[in-house]
Trainee: 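Please see the structure below; I have some questions.
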2 protein chains.
Amino acid sequence: MAGIRDRVRAEYVAEITEVARRHLAERGAAGLSVRAVTRELGMAASAVYRYFPNRDALLTALIVAAYEGAGEAAREAESAVDRHDHVGRWIAVFRAVRAWALAHPHEYALIYGSPVPGYAAPRDTTEPATRVVLLLTRIAHDARRGPGLAPTDRPPVPAELRADLVARIERIAADMDPERAAMLTGAPPETALAVIDGWTALFGTVGFELFGHYDNIIDAREAHLEQVARTTARTVGLPGA
Amino acid sequence: MAGIRDRVRAEYVAEITEVARRHLAERGAAGLSVRAVTRELGMAASAVYRYFPNRDALLTALIVAAYEGAGEAAREAESAVDRHDHVGRWIAVFRAVRAWALAHPHEYALIYGSPVPGYAAPRDTTEPATRVVLLLTRIAHDARRGPGLAPTDRPPVPAELRADLVARIERIAADMDPERAAMLTGAPPETALAVIDGWTALFGTVGFELFGHYDNIIDAREAHLEQVARTTARTVGLPGA
DNA sequence: TCTAAAGCGAGAGCACTGTTCTCGCACAGA
DNA sequence: TCTGTGCGAGAACAGTGCTCTCGCTTTAGA
């Protein structure tokens, strides 16, 4: 039975996380101080250790929240587009991720910049981290099942990479419900690779913009990101791209 | 006149930077402590402030060193390839950057992960940061001047992005010596865009590998990066890709 | 060559950090 | 109603970046 104490506890965890999230948004991960968070909440610094074992655990909670925020922004934007307009859905995901990143730069940096706590991502973060790439995979899957994917002009995939992709896809699909698994196993590895590379191009481009690597090189940031979206959509073979 | 004092001073700066670089490589940017550095050098913590105004300035020196290390690794690998093998040179750059990143993960994270000091990159870092993209640009330029670039299957570049690219290229070329400027102004903006996107794909892919985003998704990392190199080389239009 | 100025290293000190420990208090469950 | 557990507060520790002052050394100029 979830007693009163558990309820209060969950509320406290949420409260601490929310204040920490705001501090992160304002000052960045390096400037996130558990003492400052507790100060704002009017509690002793040591009290937070009843809820989070250490600062890294607090950061991990923020990492999960950030992945969910980005994934949710992408999902929402994509779902607003006509489901038969596959290119439109693909571009919507790109736009939404960029918009989310610009609105939450520190949270973006936390999840797609240098991993700050340690090197091994905690287990809890792996599932929300895959949301966007799964969304892109679903779009490719829908296009393949519908009008079909257009032939693409890509270098042949070497055997080693091909075998690796097939093996990985099967292992991931094995842990999924059948409906989602079919989304993965149905497509040829070339398509999976194109989706992965499109996903990488999305975050690579947004990251380069956000971290200043395009300063003095590209000014039309939005137009550029959309061009990257169109180019990767064509590489995947989305019809009409 | 460069007095003895200036010489000693330069040596001290180099010594501090070197120890700091080693600490960075071992413990990462977050674990870089100026006190620890001075301790190892047997000097008082306050003494370092005679050479660097603050910790961020020390980090900036390390950022410059890291950019130079990555750029030098790329340049060296590229120069070892037959200059007429444009695809080979392109792939060599990709391989070299990845190898450097794997060998220097914390330094890679410092320059291509989240910007840790502030948001505006110090002036000194902008020049070394462009080395790799300039190298890729030169390869495309050499191919265009030699056998010519193959036609590529890309979505048309919208007018806004096109105009921005042309304007940016001219502004950058205006600050260069004529020989290097020709490398930029000669090519159509489509080629420049393909090079920029290839550069982005390179660091996006390497970053995703290094920061764990490919965990459980791609295992054949080297083969994948080379596939990305081939794909981007084809998008640029390098003959034979 | 002598002197004033500038550069320098050491040390103390400040305000801050994450984290641990101990102490009472309050409350949930038997 | 009693008791053990969970909890918050506060002190304490080791560490951080950084500033300031104090003498000493080296430099530059008259």
Side-chain angles (χ1 to χ4, degrees), chain A residues 1-24 26-63 106 110 115-119 122, chain B residues 1-24 26-63 106 110 115-119 122:
Chain A
M1 300 297 103
I4 295 177
R5 216 154 197 169
D6 290 358
R7 292 275 286 268
V8 174
R9 188 184 169 81
E11 270 175 38
Y12 262 59
V13 168
E15 208 171 333
I16 294 168
T17 311
E18 178 48 31
V19 172
R21 204 200 55 72
R22 222 180 48 245
H23 282 212
L24 166 70
E26 286 164 10
R27 295 183 263 276
L32 177 68
S33 150
V34 313
R35 288 187 113 108
V37 169
T38 56
R39 227 178 286 132
E40 179 168 332
L41 286 167
M43 67 194 323
S46 58
V48 83
Y49 289 90
R50 300 278 178 198
Y51 303 95
F52 294 92
N54 51 40
R55 201 188 94 115
D56 279 4
L58 182 54
L59 267 177
T60 300
L62 298 181
I63 288 173
H106 287 119
L110 182 63
V116 27
Y119 250 89
Chain B
M1 301 295 102
I4 294 177
R5 213 153 199 172
D6 290 357
R7 292 275 286 268
V8 175
R9 187 184 170 81
E11 269 174 40
Y12 262 59
V13 168
E15 208 171 333
I16 294 168
T17 311
E18 178 48 32
V19 172
R21 205 199 53 74
R22 223 179 48 247
H23 282 213
L24 167 70
E26 286 164 12
R27 294 185 263 275
L32 176 69
S33 150
V34 313
R35 289 186 112 110
V37 169
T38 55
R39 228 178 285 132
E40 179 169 330
L41 286 167
M43 69 195 322
S46 58
V48 81
Y49 291 90
R50 300 277 176 201
Y51 302 95
F52 294 92
N54 50 39
R55 202 188 95 115
D56 279 3
L58 182 54
L59 267 177
T60 300
L62 298 181
I63 288 173
H106 286 118
L110 182 64
V116 26
Y119 249 90

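What's counted below: heavy atoms across the whole structure, side chains too, no hydrogens, waters or symmetry copies. Throughout, a chain's letter reflects where its sequence line sits, starting with A, and its residues are numbered from 1.
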Trainee: What is the minimum heavy-atom distance between A61(B) and F52(B), and which atoms define it?
Mentor: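 Closest pair (atom of A61(B), atom of F52(B), distance): CB-CE2, 4.1 Å.
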
Trainee: Can you tell me if the side-chain N/O atoms of R9(A) get under 4.0 Å from OP1 or OP2 in dC7(D)?
Mentor: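 Indeed, a polar side-chain atom of R9(A) lies that close.
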
Trainee: Which one, dA10(C), dG17(D), dG18(C), comes nearest to the side chain of S46(B)?
Mentor: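 From the listed options, dA10(C) comes nearest.
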
Trainee: Please work out if L32(A) contacts a base, only the sugar-phosphate, or nothing of the nucleic acid, heavy-atom cut-off 4.0 Å.
Mentor: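 The answer is sugar-phosphate, as L32(A) gets under 4.0 Å only of primed atoms, P, OP1 or OP2.
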
Trainee: Could you check how far NE2 of H23(B) sits from P of dG15(D), rounded to whole Å?
Mentor: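 Answer to the nearest Å: 15 Å.
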
Trainee: At under 4.0 Å, does any side-chain N or O of Y51(B) touch on OP1 or OP2 of dG9(C)?
Mentor: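 Yes, because at least one side-chain N or O of Y51(B) sits under 4.0 Å from OP1 or OP2 of dG9(C).
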
Trainee: What pair of heavy atoms forms the shortest contact from H106(A) to L24(A), and how long is it?
Mentor: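 Shortest heavy-atom contact: CB-O, 3.3 Å.
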
Trainee: Rounded to the nearest angstrom, tell me the gap between atom CZ in R55(B) and atom C1' in dG15(D).
Mentor: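 Atom-to-atom, R55(B) to dG15(D), this comes out as 13 Å.
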
Trainee: How close or far is atom C1' of dA14(D) from atom CZ of R39(B), stated in whole angstroms?
Mentor: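 Computing the R39(B):CZ to dA14(D):C1' distance gives 11 Å.
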
Trainee: Does A44(A) or A36(B) map to a spot on DNA chain D nearer the 5' end, using the closest nucleotide for each?
Mentor: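 On the 5' side of the pair lies A44(A).
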
Trainee: What's the closest nucleotide to the V34(B) side chain, out of dG17(D), dA9(D), dG9(C)?
Mentor: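 Ranking dG17(D), dA9(D), dG9(C) by closest atom to the V34(B) side chain puts dG17(D) first.
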
Trainee: What nucleic acid atoms does L41(B) come within less than 4.0 Å of, heavy atoms only: base, sugar-phosphate, or nothing?
Mentor: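 Nothing: the residue L41(B), judged by heavy atoms under 4.0 Å, touches no strand.
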
Trainee: Mind calculating the distance between CD (E11(B)) and P (dG9(C)) to the nearest angstrom?
Mentor: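 Going from E11(B) (CD) to dG9(C) (P), I get 13 Å.
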
Trainee: Give the rounded distance in Å between these two atoms: OH of Y49(A) and C1' of dT22(C).
Mentor: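 Rounded to whole Å, this separation is 17 Å.
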
Trainee: How long is the line joining CG of N54(B) and P of dC16(C), in whole Å?
Mentor: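 Going from N54(B) (CG) to dC16(C) (P), I get 18 Å.
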
Trainee: For R50(A) and S33(A), find the nucleotide of DNA chain C closest to each by heavy atoms; which residue's nucleotide sits nearer the 5' end?
Mentor: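 Its nearest nucleotide lies further toward 5', so the answer is S33(A).
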
Trainee: Rounding to an integer number of Å, can you tell me how far F52(A) CZ sits from dG8(D) P?
Mentor: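 Those two atoms, CZ and P, are 13 Å apart.
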
Trainee: To the nearest angstrom, how far is R7(A) atom CZ from dG6(D) atom C1'?
Mentor: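 Between C1' of dG6(D) and CZ of R7(A): 18 Å.
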
Trainee: Report yes if a donor N or O on one partner sits less than 3.5 Å from an acceptor N or O on the other, where the partners are the side chain of R35(B) and the base of dG17(D); otherwise report no.
Mentor: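 Answer yes: a donor N or O sits under 3.5 Å from an acceptor.
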
Trainee: If you draw a 6.0 Å radius around OH in Y12(B), do more than 12 non-hydrogen atoms from other residues or ligands fall strictly inside?
Mentor: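 No, the 6.0 Å shell around OH holds no more than 12 heavy atoms from other groups.
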
Trainee: Counting any heavy atom closer than 4.0 Å, what does Y12(B) reach on the DNA or RNA strands: base, sugar-phosphate only, or nothing?
Mentor: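 Contact class for Y12(B): sugar-phosphate only.
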
Trainee: Please find the pair of heavy atoms, one from V34(B) and one from L58(B), that lie closest to each other, and give the distance.
Mentor: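 Of all heavy-atom pairs spanning V34(B) and L58(B), the closest is CG1-CD2, 4.3 Å.
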
Trainee: Minimum heavy-atom separation for I16(B) and Y51(B), please, with both atom names.
Mentor: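 Looking at all heavy atoms of both residues, the shortest contact is CD1-CD1, 3.8 Å.
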
